[in-house]
Amino acid sequence: MGRLGTGDDAPDFSLENQDGREVSLASFSPGRVLVYFYPKDDTPGCTTEARQFEEHSAGFKEAGIAVIGISPDSAESHLGFKERHGLRFDLLCDPDHQVAEAYGTWGEKNRYGKKYFGIIRSTFLVGPDGKIERAWYNVRAEGHAARVLAEAS
């Protein structure tokens with residue numbers, strides 16, 4: 001699927017979280033939710049990004065925005081990652097990357113000349129109406145949470 005933009009319907013999903021509980025996008029309605037896709041638990045960029053979303057959690061809460069992270073990792077991996085870094089938001093499992101594909105965040109990447117498919121680090125602000133308020137693709141982890149909060153508030 002192609003990229004999503006402002007005004008597009010946010011693809012609904014129901015995925016397992018770090019505790020084995022199903023979490024759906026619809027369960028956040030009628031609130032706003034920030035859905036961010038990241039490649040892998042405990043890698044440097046993903047750890048930086050998650051910790052910075054946690055550092056700004058009070059600001060997101062004040063703005064009425066729930067935060068969730070999605071990656072292909074297992075519930076067990078997510079639980080360890082969440083505990084090691086004191087994360088208070090849910091991390092959801094997308095092992096077959098169907099949700100990532102629906103959001104346009106699964107694609108070809110190139111590292112040191114080697115091409116492969118994986119998660120394209122991206123973030124989506126979904127409004128109470130279930131529509132995309134803002135989409136950020138190909139983001140850099142460092143400072144991203146602060147930029148998102150500033151633009152979403």
Side-chain angles (χ1 to χ4, degrees), residues 1-18 23-25 28 32-61 63 65-127 130-153:
M1 177 167 205
R3 290 185 167 197
L4 298 173
T6 302
D8 288 342
D9 289 329
D12 197 13
F13 56 80
S14 184
L15 296 171
E16 181 181 30
N17 74 356
Q18 70 283 338
V23 175
S24 68
L25 180 62
F28 292 94
R32 295 166 82 198
V33 60
L34 189 79
V35 181
Y36 82 94
F37 290 84
Y38 66 100
K40 187 151 182 58
D41 292 339
D42 288 311
T43 56
C46 297
T47 300
T48 295
E49 184 176 34
R51 291 179 78 170
Q52 288 181 5
F53 275 119
E54 182 60 38
E55 288 168 15
H56 291 285
S57 63
F60 284 108
K61 185 175 183 178
I65 301 169
V67 175
I68 55 174
I70 300 177
S71 84
D73 294 306
S74 69
E76 182 180 44
S77 176
H78 282 337
L79 182 59
F81 183 53
K82 185 173 173 165
E83 289 175 348
R84 276 187 293 285
H85 301 289
L87 307 177
R88 291 174 283 181
F89 53 85
D90 276 334
L91 300 175
L92 307 183
C93 308
D94 187 22
D96 57 6
H97 48 80
Q98 285 186 341
V99 176
E101 287 181 32
Y103 278 77
T105 67
W106 181 261
E108 187 173 75
K109 299 172 84 172
N110 188 342
R111 182 178 218 153
Y112 305 118
K114 182 180 178 186
K115 293 185 181 203
Y116 64 98
F117 280 83
I119 295 287
I120 298 163
R121 190 182 309 276
S122 304
T123 304
F124 303 87
L125 179 59
V126 180
K131 301 224 181 267
I132 303 290
E133 288 185 14
R134 181 83 165 81
W136 297 264
Y137 283 93
N138 292 313
V139 300
R140 297 243 181 252
E142 182 63 44
H144 178 60
R147 285 188 297 277
V148 168
L149 181 57
E151 292 180 34
S153 297

Heavy-atom pair with the smallest gap, counting every atom of Leu79 and Gln18: N-CB, 3.6 Å
How far apart are the C-alpha atoms of Ile68 and Phe89, what are their side-chain angles, what is the distance that settles it, and do they pass the side chain to side chain contact (heavy atoms under 4.5 Å, CB included) test? CA-CA 6 Å; Ile68 55 174; Phe89 53 85; 5.6 Å; no
Can you tell me how the ring of His97 sits relative to the ring of Trp106, calling it parallel under 30°, perpendicular over 60° and tilted otherwise? parallel
Side-chain heavy atoms of Leu4 within contact of Pro11, under 4.5 Å: yes
For Phe37 and Val99, run side chain to side chain contact (heavy atoms under 4.5 Å, CB included): C-alpha distance rounded to whole Å, both residues' side-chain angles, the deciding distance at 0.1 Å, then the answer. CA-CA 10 Å; Phe37 290 84; Val99 176; 3.9 Å; yes
Can you find a heavy atom in the side chain of Pro95 that is under 4.5 Å from one in the side chain of Ser74? no
Closest heavy-atom pair and its distance - Ala10, Tyr103: CB-OH, 3.7 Å
Please name the pair of heavy atoms, one in Asp90 and one in Val23, separated by the smallest distance, quoted to 0.1 Å. OD2-CG2, 3.7 Å
Heavy-atom side-chain proximity of Tyr38 to Thr43 below 4.5 angstrom: no
Find the distance between OG (Ser71) and CG (Asp94) and round it off to the nearest 0.5 Å. 8.5 Å
Go through the steps for His144 and Glu49 under the test side chain to side chain contact (heavy atoms under 4.5 Å, CB included), then give the verdict. CA-CA 7 Å; His144 178 60; Glu49 184 176 34; 3.6 Å; yes
I'd like to know if the side chain of Asp73 reaches the main chain of Asp41, judged simply by a donor and an acceptor atom lying under 3.5 Å from each other, with no hydrogens or angles considered. yes
Looking at CG of Leu87 and CZ of Phe53, how far apart are the two atoms once the value is rounded to the nearest 0.5 Å? 11.5 Å
To the nearest 0.5 Å, atom OH of Tyr36 lies from atom CD1 of Ile119 at 12.0 Å
Between Lys131 and Asp9, does any NZ, NE, NH1 or NH2 come within less than 4.0 Å of an OD or OE carboxylate oxygen? yes
By side-chain contact (heavy atoms from CB on, under 4.5 Å), Arg88 pairs with (sequence neighbours left out) Glu54, Ser57
Heavy-atom closest contact (Phe60 atom, Ala145 atom, distance): CZ-O, 3.7 Å
Report, as yes or no, whether the 6.0 Å neighbourhood of atom NZ on Lys109 holds more than 12 heavy atoms from other residues, nucleotides or ligands. yes
In residues 146-153, what donor-acceptor pairs under 3.5 Å come from side-chain atoms, sequence neighbours left out?
residue: Arg147; atom: NH1; partner: Gly143; partner atom: O; Å: 3.3
residue: Arg147; atom: NH2; partner: Glu142; partner atom: O; Å: 3.4
residue: Glu151; atom: OE1; partner: Arg134; partner atom: NE; Å: 2.9
residue: Glu151; atom: OE1; partner: Arg134; partner atom: NH2; Å: 2.7
residue: Glu151; atom: OE1; partner: Trp136; partner atom: NE1; Å: 3.2
residue: Ser153; atom: OG; partner: Leu149; partner atom: O; Å: 2.7

What's the separation between atom CZ in Arg121 and atom CZ in Arg140, rounded to the nearest 0.5 Å? 9.5 Å
Non-hydrogen atoms of Arg32 and Ala63 that approach each other most closely: NH1-O, 3.6 Å
What are the two closest non-hydrogen atoms of Glu101 and Asp96, and how far apart are they? OE2-O, 4.2 Å
Begin from the C-alpha positions of Ile132 and Val126 and carry the test side chain to side chain contact (heavy atoms under 4.5 Å, CB included) through to its verdict. CA-CA 5 Å; Ile132 303 290; Val126 180; 4.2 Å; yes
Parallel under 30°, tilted from 30 to 60°, perpendicular over 60°: which one fits the rings of Phe124 and Tyr137? perpendicular
How many angstroms lie between atom CG of Asn17 and atom CD1 of Ile70, to the nearest 0.5 angstrom? 11.5 Å
How far does CZ of Arg51 sit from NE2 of His85, to the nearest 0.5 angstrom? 6.5 Å
